Protein chains: 2
Amino acid sequence: MPEHPSPAPAPRRNRRDDLLDAFARLVLEQGERAATLEAVAAAADVSKGGLLYHFSSREALVAGLCERFAALVEADIAAATEHERSLAEWYLRTSSDYDSPLERTMAALMRLAQHHDAVVRPALLAGRERWYALILDDLGDERLAHAVLLLGDGVAYNSEMEGPAPDAPRRSSAATVDGLVELVRALRMLRS
Amino acid sequence: MPEHPSPAPAPRRNRRDDLLDAFARLVLEQGERAATLEAVAAAADVSKGGLLYHFSSREALVAGLCERFAALVEADIAAATEHERSLAEWYLRTSSDYDSPLERTMAALMRLAQHHDAVVRPALLAGRERWYALILDDLGDERLAHAVLLLGDGVAYNSEMEGPAPDAPRRSSAATVDGLVELVRALRMLRS
DNA sequence: GTCTATAACTTGATAGAC
DNA sequence: GTCTATCAAGTTATAGAC
């Protein structure tokens, strides 16, 4: 399909993405209850009607987040495979990236998991299984792989809980995660 | 203070507790959004007016859960101190008790933490600090104590996520937690 | 202590103008 | 594609009967 020589053929950031961003941010920072259609629209500088053109219901907004999550997981795995020796370490380290699109999307979905059970839980579990297989392959020990997954959950939960705390001592800072990585390394040695 | 010889002087379960139970359960199982005053009242077999006699607003309901949480933490610590050698092991093991009042209350509060930031977060952090000090004292290593706390978060998150799944293989079952306890033991050896 | 009735407001969603 | 206007249903909270 030939294209007209438009000056910016790049995958331009569109309104849909802005709306999903706003939705995720509101859920994360103010709770599920505060993320009303009106609030989401306002946060994305669109009217309620504008929002409903892109996502025709609240459910559609949630489904949109699920799709984004799956895509972000794949992108993350691709990046991990390319850049890091140990996938387990990458997983632990990135779990504390409170601000990354992936962590934000996942954290938001966790909060929506109960009310939108049928759509959200499968999406979350799929991402989890995907990572588990890779980490197991990396570490070669089910128990250890499982521990890494759980540590990642803990780190992510804490980063989210602490949020963008300005000065408070962050229990899940990068320095702290280094300690975890060392623990995992020690356990790995122990096995061999 | 002398009491009349009433037949049942026991700390009888009252409506307040029923209402807090119902509130926590709805938040946990259906999400924050579904836990409306009407839904809570209905789940506790009381009318909305009845609920509002005991908790005069939604905020009061949240504050009530916070108080209960603090009390449950102290009771849990008392039980742990009495029954178990290693507080760290107790902590890990009880993190998978999806059905315990303590875990349920904590999980519900996590979901309310964003919207009711000022009340809920301090309550949650206080319980956490309380346990951290004890586990650090038990294990004698900050990094390890921290890892135990994070594993506990992970286990709790997964138990909650899996919920009362009828037959699915539970990643956070008691058997799985045994594995984690062993890992922590191995790390402890490594240090000495 | 518990109920019903109701006030005041918010929410998700539709219709139709621009 | 985006907006305003509008609606029915649902939400928190109050008032007052029992």
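Here is how names work: the chains are called A, B, and so on, in the same order as the sequence lines, proteins then strands, and each is numbered from 1. This structure is a prediction, so every number in the text was calculated from the model and none was measured.
- Between the C1' atom of dG1(D) and the CZ atom of R16(A) lies a distance of 13 Å, rounded to the nearest Å.
- Atom CG in N14(B) sits about 10 Å away from atom P in dG1(C), given to the nearest Å.
- Note on R185(B) versus E89(B): salt bridge recorded, some NZ/NE/NH1/NH2 to OD/OE distance being below 4.0 Å.
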- request: Applying salt bridge (charged side-chain N to carboxylate O under 4.0 Å, His left out), run through E182(B) and R143(A) and close with a yes or a no.
  value: CA-CA 10 Å; E182(B) 276 176 48; R143(A) 248 171 32 188; 3.0 Å; yes
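- Going from atom CG of L61(A) over to atom P of dG12(C) covers 10 Å, rounded to whole Å.
- Atom CD of E142(B) sits in a sparse spot, with 12 or fewer heavy atoms from other residues, nucleotides or ligands closer than 6.0 Å.
- Ring planes of Y132(B) and H146(B): perpendicular class, angle over 60° (limits at 30 and 60°).
- By the 4.0 Å N-to-carboxylate-O rule, R111(B) lies too far from E32(B) to be salt-bridged with it.
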- request: Assign a letter to each nucleotide of nucleotides 3-18 of chain D from its 5' end: B, base within under 4.0 Å of a protein heavy atom; S, sugar-phosphate only; -, no contact.
  value: BB------SBBB----
